Amino acid sequence: MIALIDCNNFYVSCERVFQPELIGKPLVVLSNNDGCAIARSEEAKALGVKMGTPIFMIKELVQKHNIQIRSSNYTLYGDISKRVMNIIKSFSTKVEVYSIDEIFVDFSEFKYHDLEALGKAIKQSVEQFTSIPVSVGMAPTKTLAKMANRYAKKTKREVGVHIAGTKELITQMLQFTEVGDVWGIGHQYAKMLLQNGFKTAAELIAAPEEWIRKNMSVVGQRTLNELKGLPCIKWEEEPPAKKNICTSRSFGKVLTDKKEIQKALAAHTATCAAKLRKANICARRLHVFVQTNPFRKDDEQYFSDITIELTVATSSTHELIKFAMKAFDKIFKQGYNYHKAGVMVLDLIPASQIQLGIFDTRDRAKEASLMKALDTTNKSYGKDMVRYGVQGYSRDWKLRAEYLSKCYTTKFDQLMILKAM
Amino acid sequence: MNIEHLKSLPILYAGFPSPADDYIQPDLDFNALLKPRPNSTIPYRINGDSMIDAFIPHNSIAIVDRSITPKNNSIVAVTLDGENFIKHLVKTTEGNFLLPANKKYKAIKLNEDMDVKIWGTVTHVIIDVMNSKP
């Protein structure tokens with residue numbers, strides 16, 4: 001049996017752990033740059049706030065019902081996610097962390113356990129240790145486990161655990177779930193299925209072989225087999241090797257000054273370089289792009305990008321920034337209201353496999369020592385504590401986050417307060 | 001102050017090897033001391049003087065482990081009517097109490113009608129002695 005365990009309204013729940021005054025209130029967490037609603041509490045959902053709604057569109061609703069707003073605090077969410085995942089991992093070592101708040105667990109070795117009791121024990125542990133409510137769904141395949149998880153949320157939210165362990169229970173779940181709510185069936189696919197008369201997942205698995213072969217893609221057939229109880233989706237215990245690393249951000253406000261955009265690009269390049277070193281890989285190509293905002297209809301639009309090849313693969317911040325600045329020189333044009341810039345490093349190879357060019361004159365050993373000192377210092381003192389001059393210190397390009405809560409678990413000057421009164 | 005970054009620079013040895021080389025032990029690990037169960041442990045800042053008789057002054061840091069079930073006579077973290085407090089939990093035959101550790105403050109008797117949740121046990125307290133007012 002496979003379990004899909006996920007956190008209920010994860011970002012909202014994280015905020016409530018350290019701000020108990022938010023419990024029971026309508027709360028919305030906003031995307032990067034305080035743009036759209038990416039998480040809503042049950043109370044906010046009840047007021048009609050839809051997922052992805054831009055916040056400026058619901059200003060009146062927010063004021064009328066005193067809806068609480070928070071900017072996304074990924075530092076906090078990442079830390080709490082790590083704790084939740086570690087607690088769940090203590091129940092079984094065969095796991096796949098699927099996203100920041102979802103994890104698959106393989107319980108096929110637990111043949112004689114009371115899985116319902118096990119699911120409840122996991123839920124109780126996570127909630128006691130972290131205050132984060134989770135739902136547990138278990139079934140013979142990943143797709144069915146996801147369905148069981150959703151079934152638990154929809155039909156028995158308080159209990160929060162559903163084990164679809166018998167044919168009867170699986171059938172009941174398939175009849176309850178509409179095709180559009182099956183994991184792996186997207187919006188367009190669901191429309192096609194509805195048009196062909198398939199409303200529930202139960203009806204879908206009863207489809208004739210002929211029809212399936214003619215009308216469903218390989219991915220669709222895989223989902224179908226999963227629904228029938230045949231595991232087809234691989235377990236990814238190790239995340240796959242990275243093909244590229246990209247860091248890009250929209251600016252908090254439009255930028256027209258070349259120097260300001262250079263600061264942003266240098267910062268993004270430094271982030272990419274640090275990630276390369278952490279994964280022990282180097283890049284042979286560098287891609288830089290800059291663009292205006294296509295939603296600002298009055299602005300003249302400009303989008304440009306460039307990819308350059310590096311003679312010797314590198315993960316050195318110094319080198320990558322140097323090349324990123326050269327690349328940017330070639331694509332920057334004065335007079336536009338820029339909205340976003342980014343850096344991507346491609347063609348990644350293990351650090352041990354670098355081939356030096358015959359004209360290469362850099363002291364790579366010295367540079368490696370410098371990078372090691374840089375990484376160790378920034379690990380202790382914080383990201384970009386030591387940085388390259390071109391990164392600058394101004395925050396003109398940084399994202400808006402007006403409603404950001406504190407870093408309660410990572411900064412001593414931002415700890416939650418316990419009153420001694 | 002963390003000087004880990006200095007250790008990553010190459011060290012030049014000269015002269016004789018140290019007789020202590022065979023006896024070197026790992027540094028004292030304060031993380032392991034204060035957070036033996038890191039997934040359920042978070043530090044909190046203490047605001048107020050109601051616990052000074054328990055050696056927990058204003059501005060100290062209380063390490064709270066949520067995996068330890070709050071027992072009789074422990075110092076606990078508790079949410080009362082939506083606010084978070086640090087209190088001394090005492091269970092008696094007459095009922096359960098949340099007590100301060102300072103004569104200026106009152107005891108609270110717990111009953112079913114209250115909006116109360118005791119969610120963690122204080123395991124350690126960190127006091128910055130040099131920067132504390134007596």
Side-chain angles (χ1 to χ4, degrees), chain A residues 14 16-25 76 79-91 124-132 277 365-366 368-382 385-386 406-421, chain B residues 1-10 37-54 56-70 75-88 100-102 104-106 115 117 119-120 122 126 128:
Chain A
C14 286
R16 284 174 162 173
V17 174
F18 299 97
Q19 299 155 81
E21 65 273 15
L22 294 175
I23 295 173
K25 303 255 167 59
L76 184 66
D79 183 79
I80 295 179
S81 170
K82 189 179 69 178
R83 291 162 186 266
V84 169
M85 298 308 174
N86 283 341
I87 293 164
I88 295 171
K89 284 177 189 176
S90 66
F91 287 86
Q124 197 278 330
S125 272
V126 173
E127 281 180 31
Q128 182 185 333
F129 293 10
T130 66
S131 236
I132 301 293
R277 291 193 298 273
K366 181 177 175 195
S369 293
L370 177 63
M371 287 300 107
K372 188 163 183 218
L374 178 70
D375 287 338
T376 332
T377 309
N378 283 344
K379 191 175 173 193
S380 303
Y381 290 94
M385 177 57 72
V386 176
K406 301 202 164 97
C407 293
Y408 301 99
T409 59
T410 49
K411 289 259 184 258
F412 280 114
D413 61 347
Q414 295 179 34
L415 300 179
M416 189 182 93
I417 289 171
L418 288 181
K419 293 187 181 167
M421 295 171 189
Chain B
M1 177 175 145
N2 187 330
I3 56 167
E4 275 305 302
H5 59 283
L6 289 180
K7 290 187 181 169
S8 66
L9 297 176
R37 291 161 299 273
N39 298 320
S40 55
T41 306
I42 294 181
Y44 297 90
R45 182 73 62 182
I46 303 302
N47 218 337
D49 62 353
S50 72
M51 300 299 282
I52 48 174
D53 295 344
I56 305 176
H58 171 74
N59 221 31
S60 56
I61 293 173
I63 311 283
V64 176
D65 189 338
R66 298 178 67 123
S67 69
I68 303 173
T69 310
I75 308 291
V76 295
V78 48
T79 308
L80 266 170
D81 294 323
E83 290 185 284
N84 290 312
F85 295 90
I86 178 172
K87 296 275 180 198
H88 181 195
N102 180 335
K104 285 202 295 186
Y105 297 86
K106 286 205 273 284
D115 179 16
K117 184 158 186 269
W119 48 267
V122 176
I126 304 174
D128 184 351

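Residue numbers begin at 1 in each chain, while the letters A, B, ... track the order of the sequences. Everything numeric in this text was worked out from a predicted model, so none of it was measured. Values reported hereafter were calculated over all heavy atoms of this structure, with side chains retained and with hydrogens, waters and symmetry mates removed.
For the set Ala62(B), Pro43(B), Ser67(B), Pro38(B), the count of heavy-atom pairs under 4.5 angstrom toward chain A peaks at Ser67(B). Annotation: maximal heavy-atom pairing with chain B below 4.5 Å, among Thr409(A), Leu22(A), Leu418(A), Ile80(A), occurs at Leu418(A).
Considering all non-hydrogen atoms of both residues, Arg83(A) and Ile42(B) come closest at NH1-CG1, 3.5 Å. Looking at every heavy atom in both residues, Ile68(B) comes nearest to Gln128(A) through N-NE2, 4.5 Å. Minimum heavy-atom separation, Thr130(A) to Asn39(B): CG2-O, 4.1 Å.
At a 4.5 Å heavy-atom cutoff, the contact between Lys87(B) and chain A is made by side-chain atoms alone. When heavy atoms are compared at a cutoff of 4.5 Å, Val64(B) approaches chain A solely by way of its side chain, counted from C-beta outward. Heavy-atom distances place both the backbone and the side chain of Ser131(A) under 4.5 Å from chain B. Neither the backbone nor the side chain of Pro100(B) comes within less than 4.5 Å of any heavy atom of chain A. Proximity to chain B (any heavy atom under 4.5 Å) is shown, for Ile23(A), by neither the backbone nor the side chain. Neither the backbone nor the side chain of Gln414(A) comes within less than 4.5 Å of any heavy atom in chain B.
Looking at heavy atoms from C-beta onward, Tyr44(B) lies in side-chain contact with Phe18(A) at the 4.5 angstrom threshold. When side chains are defined from C-beta on, Leu415(A) counts as touching Ile61(B), because their heavy atoms get closer than 4.5 Å.
Not a single side chain to side chain donor-acceptor pair (under 3.5 Å) links Arg45(B) to another residue, sequence neighbours left out. With sequence neighbours excluded, the residues that form a salt bridge (Lys or Arg N to Asp or Glu O under 4.0 Å) with Lys419(A) are Glu83(B).
For the pair Glu21(A) (side chain) and Gly82(B) (backbone), a donor-acceptor distance under 3.5 Å is absent. Counting only distance, with no hydrogens or angles, the side chain of Ser40(B) and the backbone of Phe129(A) share no donor-acceptor pair below 3.5 Å.
The CD1 atom of Ile417(A) sits 4.5 Å away from the CG atom of Asn47(B) when rounded to the nearest 0.5 Å. Rounded to the nearest 0.5 Å, atoms CE (Met421(A)) and CG (Asn102(B)) are 12.0 Å apart. Here the CG atom belonging to Asn84(B) is positioned 11.0 Å from the CD atom belonging to Gln19(A), to the nearest 0.5 angstrom.
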